[in-house]
Number of protein chains: 2
Amino acid sequence: MNQHASHKPDYEKELRRAGVRITRPRRVILGILTETDDHPDAMEIFQRASAVDSSISLSTVYRTMKLLEELGAIHRHAFEGGRARFEQADGDHHDHLIDIDTGDVIEFHSDRIEALQEEIARALGYDIVHHRLELYGRKRRKS
Amino acid sequence: MNQHASHKPDYEKELRRAGVRITRPRRVILGILTETDDHPDAMEIFQRASAVDSSISLSTVYRTMKLLEELGAIHRHAFEGGRARFEQADGDHHDHLIDIDTGDVIEFHSDRIEALQEEIARALGYDIVHHRLELYGRKRRKS
DNA sequence: AATGCAATTGCAAATCGTTTGCAATAAAAA
DNA sequence: TTTTTATTGCAAACGATTTGCAATTGCATT
């Protein structure tokens with residue numbers, strides 16, 4: 001099991017490569033995504049974007065996130081509790097531990113769990129297309 | 001890893017013990033839940049209930065499911081794709097493999113995965129409150 | 001069996017997160 | 001700079017679920 005270290009992607013380059021226009025709202029949103037390491041939801045991104053340019057709409061945030069998701073630049077997660085949350089897609093697969101008190105997300109990866117999942121699916125006659133492993137926990141109190 | 005075998009619960013007794021009234025709509029819904037082994041969503045339950053008594057409303061289905069959930073008699077799962085799905089809560093914990101083509105749900109349990117999850121959480125300084133492990137797969141083609 | 005009253009119902013409207021139609025605006029190609 | 005077309009903000013629509021409310025119904029009591 002090991003935690004994961006992130007590196008900054010160049011979203012603007014990715015979008016340009018996809019042939020979409022680099023507009024002012026998009027530039028602001030991409031900037032926010034680039035400088036964040038957590039897992040914000042659309043509303044959080046919208047608020048941070050509004051602080052930079054108050055004319056940006058929530059719709060544009062959603063549209064931009066959908067665009068980035070389709071390009072494979074970000075991942076959308078439906079953790080418990082309403083809103084979807086986003087994170088940059090930096091190649092390496094990982095699962096999530098969500099702090100139920102703060103909402104913080106810790107990424108982790110376990111080859112052993114992945115292998116067991118494969119084993120189980122095979123035994124049931126299935127090929128795994130994707131999976132979802134989320135641990136919801138609380139920080140252990142110092143004893 | 002082993003699959004799970006279900007046994008019929010007496011929902012009506014559980015409700016009565018909780019001091020709620022056994023109404024006609026509730027009796028119909030409980031009957032449907034008792035005789036099903038799959039993981040229906042509220043709309044499916046509503047449709048099956050409507051076939052028995054067309055005056056039953058979707059609201060009542062939702063209210064009854066919430067009631068049973070609060071009593072711990074059923075579990076609610078937010079698998080991918082819109083609606084929540086329900087299953088009887090028969091003590092033993094299990095995870096789910098969802099057939100992405102049919103929506104079928106196969107239950108499984110792995111002590112080894114559970115142990116690894118605990119290990120990971122501990123290493124990160126957390127206690128697991130609950131977790132979600134869902135495998136989304138496709139039936140392996142006979143080769 | 002008739003009564004009384006709180007629990008339960010069906011309905012419509014509200015909610016929440018997200019998406020969409022549309023006319024106005026702005027990128028970027030010419 | 002003009003033109004073309006993508007993108008925007010807005011408001012309205014959306015789908016799943018919940019809720020307020022007046023009407024109904026279980027059921028404990030006579």
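Both backbone and side-chain heavy atoms feed into the values below; hydrogens, waters and symmetry mates do not. Throughout, a chain's letter reflects where its sequence line sits, starting with A, and its residues are numbered from 1. Quantities reported herein were computed from a predicted structural model and do not represent experimental measurements.
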Novice: How many Å lie between NE2 on A/H77 and P on C/dT18, as a whole number?
Specialist: 14 Å

Novice: For residues 95-105 of chain A, which residue pairs pass the salt bridge (charged side-chain N to carboxylate O under 4.0 Å, His left out) check, not counting sequence neighbours?
Specialist: A/D101-A/R138

Novice: Tell me which residues in residues 52-71 of chain A lie within less than 4.0 Å of DNA chain D, going by non-hydrogen atoms.
Specialist: A/S55, A/I56, A/S57, A/S59, A/T60, A/R63

Novice: Going by ring-ring contact (aromatic ring centres under 6.0 Å, His included), name the residues that satisfy it together with A/F79, two or more places apart in sequence or in a different chain.
Specialist: A/H77, A/H96

Novice: Using only atom types and a distance under 3.5 Å, with no angle test, would you say the side chain of B/E35 pairs donor to acceptor with the backbone of B/I32?
Specialist: no

Novice: What residues from residues 23-30 of chain B pass a heavy-atom cutoff of under 4.0 Å to DNA chain D?
Specialist: none

Novice: With a 4.0 angstrom cut-off to heavy atoms of chain B, pull out the first and last contacting nucleotide of DNA chain D, in 5'-to-3' order.
Specialist: D/dA16 to D/dC27

Novice: Is there a path of hydrophobic side-chain contacts, each under 4.5 Å between heavy atoms, that joins A/L116 and A/V129?
Specialist: no

Novice: Would A/F108 and A/L135 count as a side chain to side chain contact (heavy atoms under 4.5 Å, CB included) here? Give the steps.
Specialist: CA-CA 10 Å; A/F108 67 86; A/L135 306 182; 3.8 Å; yes

Novice: Hydrogens and angles aside, do B/H130 and A/E80 bring a side-chain donor and acceptor to less than 3.5 Å of each other?
Specialist: yes

Novice: Taking B/I56's backbone N and O only, do any of them form a donor-acceptor pair with B/T60's side chain (distance below 3.5 Å, no angle check)?
Specialist: no

Novice: Please report the distance, rounded to the nearest Å, between CZ in A/F46 and C1' in C/dT19.
Specialist: 15 Å

Novice: I'd like to know if B/R132 and B/E134 make a salt bridge, using a cut-off of under 4.0 Å between side-chain N and carboxylate O.
Specialist: yes

Novice: Expressed as a whole number of angstroms, how long is the span from A/D41:CG to C/dT19:P?
Specialist: 13 Å

Novice: Tell me if the aromatic rings of A/H94 and A/H75 count as close, with their centers under 6.0 Å from one another.
Specialist: no

Novice: Scan residues 51-73 of chain B for pairs that pass salt bridge (charged side-chain N to carboxylate O under 4.0 Å, His left out), counting only residues two or more places apart or in two chains.
Specialist: B/R24-B/D53, B/E69-B/R76

Novice: Would you indicate what A/R21 reaches in the nucleic acid, counting non-hydrogen atoms under 4.0 angstrom: base, sugar-phosphate, or nothing?
Specialist: base

